Amino acid sequence: MCYLDNAATTFPKPQRVNDLLNSIAQQGVVSPGRGSHALAHLASDAVSRVRHRLARFFGAPGDNRLAFCFNATDALNLAIKGFLDNGDHVIISSMEHNSVLRPLRAMQRKGFITLDIAQCDKNGCLNPQEIISRFNKSTKLVIVSHASNVTGTIQPVDEIGRAVRDRGAYLLVDAAQTAGILPINMDDMCIDMLAFTGHKNLFGLQGTGGLAIGNRIGLLRPFREGGTGINSITELQPNEWPEAFEAGTPNVPGILSIGEGLQFIEDEGIAAIRKKGAEQLGYLWNELSAIEGVELHGLPPGSNRISVLSFSIRNWEPDDVGSVLNHNHGIYVRTGLHCSPLAHQTINTYPAGTVRLSPGYFTASIELETVVRTIRTMAKTLLPF
Ligand SMILES: Cc1ncc(COP(=O)(O)O)c(C=O)c1O
């Protein structure tokens with residue numbers, strides 16, 4: 001088996017994450033913040049420690065400004081629905097994921113907001129000028145993914161952040177693909193809200209993620225209400241952060257697994273993790289670009305990108321490539337639009353999409369060699385003579 005779909009979810013997880021999950025499976029874990037007994041306190045303290053570490057990891061202004069959510073989609077929905085008001089104007093890039101596009105399109109259709117899309121180039125690169133030129137007097141929020149899940153392109157977030165701030169608006173960054181592999185400091189990068197997911201490069205379980213909220217955000221409405229373990233007497237959602245945003249029992253095993261993931265990242269070093277990704281990308285790019293009939297999408301290695309590599313094979317549908325790799329070779333990749341139709345329109349691979357290879361920290365060189373060999377053979381088949 002050769003798993004090359006780490007951009008969807010990282011697999012396997014570091015041993016220390018598996019050890020923690022095994023111990024939770026055997027010993028259990030109770031609900032945090034919802035009882036005064038010792039076990040509830042233990043769970044609360046453990047969750048608070050992970051919150052503290054994550055807030056520090058992203059440079060969030062305080063632990064109360066790190067709200068746990070159930071994934072990046074949940075965090076993006078909180079940021080978008082909790083922050084925007086009737087009549088606001090929003091600008092996004094043309095590389096955004098459906099988790100950004102769909103909530104906004106629904107609000108736009110209801111006439112609640114207006115929306116503009118800043119065009120990226122064929123490699124998925126966003127020129128900040130494309131954002132700036134779309135500003136109007138109602139522009140409140142700009143949303144940009146830190147790196148694309150289709151081309152791996154890293155956007156100039158800090159430059160965009162400064163431009164957005166100078167114009168009195170706010171920047172929401174989708175860090176689903178970058179949290180854990182690129183250094184992020186909200187303050188330095190002028191990020192007002194940062195949505196992340198726990199199950200990709202933070203090496204946690206699925207069903208985890210969060211929103212880090214910068215100091216400039218004064219008002220954010222919860223979009224999910226219910227029990228929070230505090231102020232139970234009031235019939236309305238409490239105002240205290242982060243509890244206001246965390247109604248319902250959280251995914252405690254998942255949150256704790258992120259803590260172990262963070263420890264792993266700190267032990268290995270984020271620079272070493274990125275370096276390994278860059279080497280894997282360099283190998284795949286060099287080998288695949290030499291194959292006749294294979295087209296690689298996005299920037300070459302050594303430029304502003306992460307190791308998510310989309311490609312197409314002449315005369316092959318991406319889904320057929322994925323199916324043959326899966327059924328005949330035990331190689332698991334992602335095909336199609338990757339929940340990002342706008343991105344494929346941008347790079348001219350719409351509607352069929354691409355085949356996406358996303359190696360991870362635990363991918364061995366021999367796995368990459370196998371996939372290259374297999375693609376070489378496939379590219380020869382069906383090529384016109
Ligand atoms: C760029 C980007 N944004 C958002 C998401 C959504 O993440 P999740 O499925 O964890 O909510 C993904 C997931 O692939 C992604 O790649």
Side-chain angles (χ1 to χ4, degrees), residues 6-25 27-33 42-60 62-79 99 146-147 149 173-186 191 193-213 241-243 245-246 248-270 272-274 277 306 360-362:
N6 288 274
T9 203
T10 48
F11 175 79
K13 304 294 182 192
Q15 189 55 43
R16 61 181 310 133
V17 173
N18 294 336
D19 290 345
L20 171 94
L21 295 173
N22 282 335
S23 85
I24 290 178
Q27 292 161 28
V29 65
V30 307
S31 288
L42 271 181
S44 290
D45 290 348
V47 167
S48 299
R49 280 197 295 277
V50 179
R51 193 191 301 282
H52 179 68
R53 289 184 80 153
L54 276 168
R56 256 196 353 206
F57 190 70
F58 294 128
D63 294 4
N64 66 334
R65 284 179 172 264
L66 192 299
F68 283 116
C69 302
F70 294 111
N71 44 47
T73 305
D74 197 33
L76 288 162
N77 270 269
L78 167 59
S99 52
H146 193 186
N149 61 319
V173 170
D174 171 2
Q177 288 298 333
T178 54
I181 51 167
L182 294 185
I184 296 176
N185 184 289
M186 292 178 70
I191 299 172
M193 291 185 279
L194 181 88
F196 63 93
T197 203
H199 64 103
K200 298 188 196 274
N201 296 306
L202 292 175
F203 295 116
L205 275 186
Q206 287 135 331
T208 56
L211 185 70
I213 309 162
W241 291 14
E243 291 84 354
F245 309 120
E246 295 182 347
T249 305
N251 177 355
V252 181
I255 291 171
L256 302 192
S257 71
I258 298 181
E260 293 303 315
L262 275 179
Q263 189 59 52
F264 176 81
I265 292 165
E266 277 175 28
D267 290 347
E268 299 295 306
I270 201 164
I273 292 175
R274 184 159 184 214
I306 58 169
Y361 195 64
F362 299 105

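All values below come from the heavy atoms of this structure, side chains included, with hydrogens, waters and symmetry mates left out. Fair warning: this is a prediction, and the values are worked out from it, not measured in the lab.
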Q: In chain order, what residues pass the side chain to side chain donor-acceptor pair (under 3.5 Å) check against Asp19, with sequence neighbours excluded?
A: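 Partners of Asp19 by the side chain to side chain donor-acceptor pair (under 3.5 Å) criterion, ordered by chain and then number, come out as Gln15.
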Q: Would a 4.5 Å heavy-atom cut-off, applied to side chains only, mark Leu54 and Leu202 as touching?
A: yes
Q: Any salt bridge (Lys or Arg N to Asp or Glu O under 4.0 Å) pairs touching residues 253-266, not counting sequence neighbours?
A: Arg16-Glu260, Arg53-Glu266
Q: Is any side-chain heavy atom of Pro250 closer than 4.5 Å to a side-chain heavy atom of Phe68?
A: no
Q: What closest approach, in Å, do Gly62 and Ala55 show between heavy atoms, and which atom pair accounts for it?
A: O-CB, 4.0 Å
Q: Do the rings of Phe264 and Tyr361 sit parallel, tilted or perpendicular, given the 30° and 60° boundaries?
A: perpendicular
Q: Sub-3.5 Å donor-acceptor pair from the side chain of Gln177 to the main-chain atoms of Ala7, do we have one?
A: yes
Q: Would you say the side chain of Phe362 lies within less than 4.5 Å of the side chain of Asn6, judging by non-hydrogen atoms?
A: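 Not touching, per the 4.5 Å side-chain cut-off.
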Q: Which atoms form the tightest heavy-atom contact between Cys69 and Asp74, and what is the distance?
A: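 The pair with the smallest heavy-atom distance is CB-OD2, 3.3 Å.
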Q: Would you give the length of the straight line joining atom CG of Leu194 to atom CG of Leu76, rounded to the nearest 0.5 angstrom?
A: 9.5 Å
Q: Would you say the side chain of Asp63 lies within less than 4.5 Å of the side chain of Ser48, judging by non-hydrogen atoms?
A: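 The answer is no; the side chains never approach within 4.5 Å.
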Q: Kindly compute the distance separating CZ (Arg51) from CD (Glu246), expressed to the nearest 0.5 Å.
A: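 Separation between the atoms: 4.0 Å.
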Q: Looking only at non-hydrogen atoms, find the nearest pair between Ala212 and Ala60 and report the distance.
A: CB-CB, 4.2 Å
Q: Has the side chain of Lys13 got a donor or acceptor atom that lies under 3.5 Å from a matching backbone atom of His199?
A: yes
Q: What is the ring orientation for Phe196 with Phe58, classed by angle as parallel under 30°, tilted 30 to 60°, or perpendicular over 60°?
A: tilted
Q: Take Ile191 and Ile184, measure what side-chain contact (heavy atoms from CB on, under 4.5 Å) needs, and give me the verdict at the end.
A: CA-CA 9 Å; Ile191 299 172; Ile184 296 176; 4.2 Å; yes
Q: In the structure I gave you, are the side-chain heavy atoms of Asn71 and Gln206 within less than 4.5 Å of one another anywhere?
A: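 With C-beta onward as the side chain, the pair stays apart.
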Q: Rounded to the nearest 0.5 Å, how far apart are OG1 of Thr10 and CZ of Phe203?
A: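 Separation between the atoms: 5.5 Å.
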Q: Indicate yes or no: at least one non-hydrogen side-chain atom of Phe57 is less than 4.5 angstrom from one of Ile258.
A: no
Q: Within the structure provided, determine whether Leu20 and Ser257 are in side-chain contact (heavy-atom separation under 4.5 Å).
A: yes
Q: Checking Ser31 side chain against Thr249 main chain: does a donor-acceptor pair fall under 3.5 Å?
A: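 No: the side chain of Ser31 does not pair with the backbone of Thr249.
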Q: Is the shortest side-chain heavy-atom distance between Asn201 and Ile273 below 4.5 Å?
A: no
Q: Which pair of heavy atoms, one from Ile255 and one from Thr208, lies closest together, and at what distance?
A: N-CG2, 3.7 Å
Q: Could you measure the distance from the CG atom of Asn149 to the OG1 atom of Thr178? Nearest 0.5 Å is fine.
A: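 Nearest 0.5 Å value for the CG-OG1 distance: 11.5 Å.
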